[in-house]
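Working notes, beginning with the structure itself.
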There are 2 protein chains.
Amino acid sequence: MKDILAQLKNSGYKLTQPRKKVLDVLLHNHQAMSAQDIHQRIQTVNKASVYRVLKLLQDLGLLNIESINNEKLYCLTKEPHHHVICKKCGYSEEVACTYSFGDFKNFTHVQHQLTLTGLCKKCSK
Amino acid sequence: MKDILAQLKNSGYKLTQPRKKVLDVLLHNHQAMSAQDIHQRIQTVNKASVYRVLKLLQDLGLLNIESINNEKLYCLTKEPHHHVICKKCGYSEEVACTYSFGDFKNFTHVQHQLTLTGLCKKCSK
DNA sequence: TAGCTATTGCAAACCGTTCGCAATTATGAT
DNA sequence: ATCATAATTGCGAACGGTTTGCAATAGCTA
């Protein structure tokens, strides 16, 4: 927590309540969460602000972001890892980056959906 | 094309114009496309119908789906593979399932975003 | 403590996607 | 070929997650 707050400050950002609260939620939750989930836990922070904090954290490279059913799931980056997510109830577990499909004990019908983004030659100039 | 149409028919679905047209677009395009992209090319097919055809193809397991910036990108499943997508212009290339980060010659700042979905023990009963 | 600027809250807009329903079309039987 | 029937489509409106503009607020620096 303090590391991240320090990083924010060093990057020239203010240490505001919304930022601290969103970070706090992300730190104490070990499942990937949607912006709505986060907002649910800190209703004193406006939903738009939750999104803005998330955008900031993303820009700083602190977030792992995944998509399911048109909504994004966020969690702080630790070891590079992903999540398996139950399509029905949303229950999720972490998965190492180098998984194989035999690894899933608690899930059936596992499908993968990967997005790699970057900048192509032209755009990176 | 004929294989897929046959599969549709065998599964009890009608061979309608919208279905043929969407399939045709997907077959002749080698980049991952959004529903909007597809609709753009066949404006005689209603956008809602494009989505319905895509849903159908997905249910039949014929589609690879990826997410970028709140929109989904679709392509027909061949070998299991993914895409690298330029964050700025959307240019994309196919990537083998077993890529390593050194593989990207035409992209910089590559980030990955993987979603694994499935059914957890409880929900798969 | 005051003053400046970044940041927030709010409400409205946005945009991709989904839905209900009446009109249309593909299909198999006559 | 034609018909009857159910599946499918087009349309428009709704939906839900996310973003944005702007005035009000709060954090930082001196």
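Just so you know, these numbers use all the heavy atoms, side chains as well, and skip hydrogens, waters and symmetry mates.
- Atom-to-atom, CG of A:L54 to P of D:dT18 comes out at 9 Å; the value is rounded to the nearest Å.
- Rounding to the nearest 0.5 Å gives a distance of 9.5 Å between CG of A:L5 and CG of A:D24.
- DNA chain D is contacted by A:A35, A:Q36 of residues 33-41 of chain A, taking any non-hydrogen atom closer than 4.0 Å.
- Between atom CG of residue B:L26 and atom NZ of residue B:K21 there is a gap of 14.5 Å, rounded to the nearest 0.5 Å.
- A distance of 11.5 Å separates CZ of B:R41 from NE2 of B:H28, quoted to the nearest 0.5 Å.
- Per the geometry, CG belonging to A:L15 stands 15 Å off C1' belonging to C:dT8, to the nearest Å.
- Looking at B:D37, its side chain does come within 3.5 Å of a backbone N or O of B:S34 through a donor-acceptor pair.
- Ion pairing between a basic and an acidic side chain is recognised when a charged N comes within 4.0 Å of a carboxylate O; A:K55 and A:D59 show such pairing.
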Protein N or O to nucleotides 7-13 of chain D N or O, pairs below 3.5 Å:
from, atom 1, to, atom 2, distance (Å)
D:dT8, OP1, B:K14, N, 3.4
D:dT8, OP1, B:R19, NH1, 2.9
D:dT8, OP1, B:R19, NH2, 3.2
D:dT8, O5', B:R19, NH2, 3.4
D:dT9, OP1, B:T16, OG1, 2.8
D:dG10, OP1, B:T44, O, 3.4
D:dG10, OP2, B:N46, N, 3.2
D:dG10, OP2, B:S49, OG, 2.6
D:dG10, N7, B:R52, NH2, 2.6
D:dG10, O6, B:R52, NH1, 3.3

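- Summary for the helix from C:dT1-D:dA30 to C:dT30-D:dA1: the axes at its two ends, each from 5 pairs, differ by 40° when rounded to the nearest 10 degrees.
- Distance, B:N10 CG to C:dG28 P: 11 Å, rounded to whole Å.
- One distance of note links OG1 of B:T77 with CG of B:L63; it measures 6.0 Å at 0.5 Å rounding.
- Under the 3.5 Å distance criterion, the side-chain polar atoms of B:H39 are matched with a main-chain donor or acceptor of B:V45.
- A straight line from CG of A:L57 to C1' of C:dT7 spans 14 Å, rounded to a whole angstrom.
- Listed pair B:Y51 / C:dT17 meets the phosphate criterion, a side-chain N or O lying under 4.0 Å from OP1 or OP2.
- With rounding to whole Å, A:Q43 atom CD is found 13 Å from C:dG9 atom P.
- Among the heavy atoms of the strands, none lies under 4.0 Å from A:K20.
- The CG atom of A:N69 sits 18 Å away from the P atom of D:dC15 (whole-angstrom rounding).
- Heavy-atom nearest nucleotides on DNA chain C were determined for B:Y74 and for B:K9, and the one closer to the 5' end corresponds to B:Y74.
- For the pair B:E71 CD and D:dT19 C1', the computed distance is 15 Å after rounding to whole Å.
- Between the side chain of B:N10 and the main chain of B:A6, a donor-acceptor pair closer than 3.5 Å is present.
- Side-chain contact check for B:L8 versus B:L60: some heavy-atom pair is nearer than 4.5 Å.
- Looking at heavy atoms from C-beta onward, A:R52 lies in side-chain contact with A:S49 at the 4.5 angstrom threshold.
- Here the side chains of B:L54 and B:K72 are not in contact, with every heavy-atom distance at 4.5 Å or above.
- Taking atom CD1 on B:I68 and atom P on D:dT18, their separation rounds to 15 Å, with Å as the unit.
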